[in-house]
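First comes the structure, then the notes that go with it.
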Amino acid sequence: MELTKLTHACVRLEKNGKVLVIDPGTFSQEPVLDGVDAVLITHQHFDHFDIEKLKAAPAGIEVWTCEGVAAQLTDVPVKVQVVRHGDDFDAAGFRVKAFGEWHSKNHPDAPIVQNVGFMLDDEVFYPGDALTLPGVEVPTLLAPTNAPWMKLSEMVEYLRTLRPARAFSTHDGLLNDIGLSLVDTYLELESDKQGADMRRLKVGESVTLP
């Protein structure tokens, strides 16, 4: 499969002529849903879920998501499938398993929303806004590297707990060039320590995965 990093927390995966997009939020300025066959959405926050993008998408595309997002899509002409922790399904030719239930704690006055992570083809794990431990091997991790709800030490601990062969930065759209350079440094240090490929893909950059 080919994985392309888009702005902030959005990624695009392609395999056998099929296209799947995860978390096309409002920060993603690219035409993220061009040619899309299926969309996965981890949770309802605007940087991961943009209802206007889905309204403009081809009618009838499949959207797989949690109940909180599905409740906002009743008037959008897409085929919505609600998934929960433990579910598995096929989307755009990818085998997908769902892990996790809740977003990490953020602001003390903000309610904790649903959040479901996705494992694709037993290869790529996208946790959304939670440091979910799926309890299975994670060859490729899309690792959150900056967020109001996490600390650097938590990111490093997550990488050391899961020990993926590959980890690519996500949720990094809030950072300026200085912050991004720090992400690059910390991922390089951890990559060297674990003997793994851990780095930040630039927006629009693609990698081919097993």
Side-chain angles (χ1 to χ4, degrees), residues 3-13 21-30 32 40-50 53 66 68-69 99-120 124-134 138-194 196-207 209:
L3 181 150
T4 302
K5 170 69 163 61
L6 300 178
T7 302
H8 188 52
C10 184
V11 295
R12 179 182 177 101
L13 297 111
V21 171
I22 307 178
D23 281 5
T26 57
F27 292 165
S28 300
Q29 300 303 313
E30 311 86 358
V32 292
L40 308 182
I41 300 174
T42 60
H43 66 285
Q44 66 194 51
H45 289 161
F46 69 91
D47 55 331
H48 295 255
F49 167 50
D50 182 356
K53 284 186 174 62
C66 62
V69 173
F99 292 95
E101 298 179 89
W102 300 105
H103 192 288
S104 289
K105 186 177 179 179
N106 202 340
H107 192 281
D109 297 336
I112 298 176
V113 301
Q114 293 174 323
N115 179 94
V116 60
F118 299 106
M119 175 77 81
L120 294 94
V124 177
F125 183 52
Y126 185 108
D129 278 11
L131 301 179
T132 302
L133 301 176
V138 178
T140 303
L141 174 66
L142 298 177
T145 55
N146 174 263
W149 47 266
M150 71 179 295
K151 299 183 294 186
L152 168 63
S153 60
E154 293 172 326
M155 180 195 80
V156 173
E157 182 179 357
Y158 193 49
L159 291 170
R160 293 183 181 180
T161 300
L162 290 183
R163 300 194 69 83
R166 291 163 294 278
F168 303 115
S169 171
T170 188
H171 213 280
D172 50 22
L174 301 179
L175 295 171
N176 60 17
D177 289 343
I178 296 172
L180 291 173
S181 70
L182 290 175
V183 167
D184 293 340
T185 297
Y186 293 129
L187 288 178
E188 182 179 2
L189 289 171
E190 200 58 31
S191 182
D192 291 343
K193 185 177 183 68
Q194 295 194 32
D197 179 13
M198 298 181 177
R199 54 195 166 97
R200 178 176 60 89
L201 302 176
K202 296 179 181 179
V203 173
E205 184 177 355
S206 301
V207 293
L209 301 174

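None of these values were measured; they are calculated from a predicted model. By convention here, the first residue in the shown sequence is residue 1.
A donor atom on one side chain and an acceptor atom on the other are found under 3.5 Å apart for Asp23 and His48.
In this structure the side chain of Gln29 never reaches within 4.5 angstrom of the side chain of Leu6, judged on heavy atoms. Inter-residue side-chain proximity for Leu175 and Ser181 is flagged as unmet; no heavy-atom pair is nearer than 4.5 Å. By the 4.5 Å heavy-atom criterion applied to side chains, Phe99 and Leu133 are not counted as neighbours. For the pair Thr140/Val207, no side-chain contact is recorded, criterion being any heavy-atom separation below 4.5 Å from C-beta on. You'll find the side chain of Asp50 stays beyond 4.5 Å of the side chain of Ser28, heavy atoms only. For the pair Ser206/Arg12, no side-chain contact is recorded, criterion being any heavy-atom separation below 4.5 Å from C-beta on. The closest side-chain heavy-atom distance from Thr161 to Leu131 is not below 4.5 Å. A 4.5 Å side-chain heavy-atom check between Val11 and Leu201 finds every atom pair outside the cut-off.
With rounding to the nearest 0.5 Å, the separation of OG1 in Thr7 from CZ in Phe27 is 10.0 Å. Here the NE2 atom belonging to His107 is positioned 13.0 Å from the CD1 atom belonging to Ile112, to the nearest 0.5 angstrom. Rounding to the nearest 0.5 Å places CG of Asp172 at 12.5 Å from CG of Leu182. How far CE of Met198 is from NZ of Lys193: 11.5 Å, rounded to the nearest 0.5 Å.
Atom CG of Asp192 has more than 12 neighbouring heavy atoms from other residues, nucleotides or ligands inside a 6.0 Å radius. Heavy-atom neighbours of Glu205 CD from other residues, nucleotides or ligands within 6.0 Å: above the threshold of 12.
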Applying side chain to side chain donor-acceptor pair (under 3.5 Å) to Asn115 and His43, what does each step give before you reach the verdict? CA-CA 5 Å; Asn115 179 94; His43 66 285; 3.1 Å; yes

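Classification of the His171-His8 ring pair by plane angle, with boundaries at 30° and 60°, yields tilted.
Of the possible donor and acceptor atoms, one in the side chain of Gln194 sits under 3.5 Å from a partner among the backbone N and O of Leu159.
Between Asp184 and Arg200, at least one side-chain N (NZ, or NE/NH1/NH2) sits under 4.0 Å from a carboxylate O, which counts as a salt bridge.
The minimum heavy-atom distance linking Leu209 with Phe168 is given by the pair CD2-CE1, 4.2 Å.
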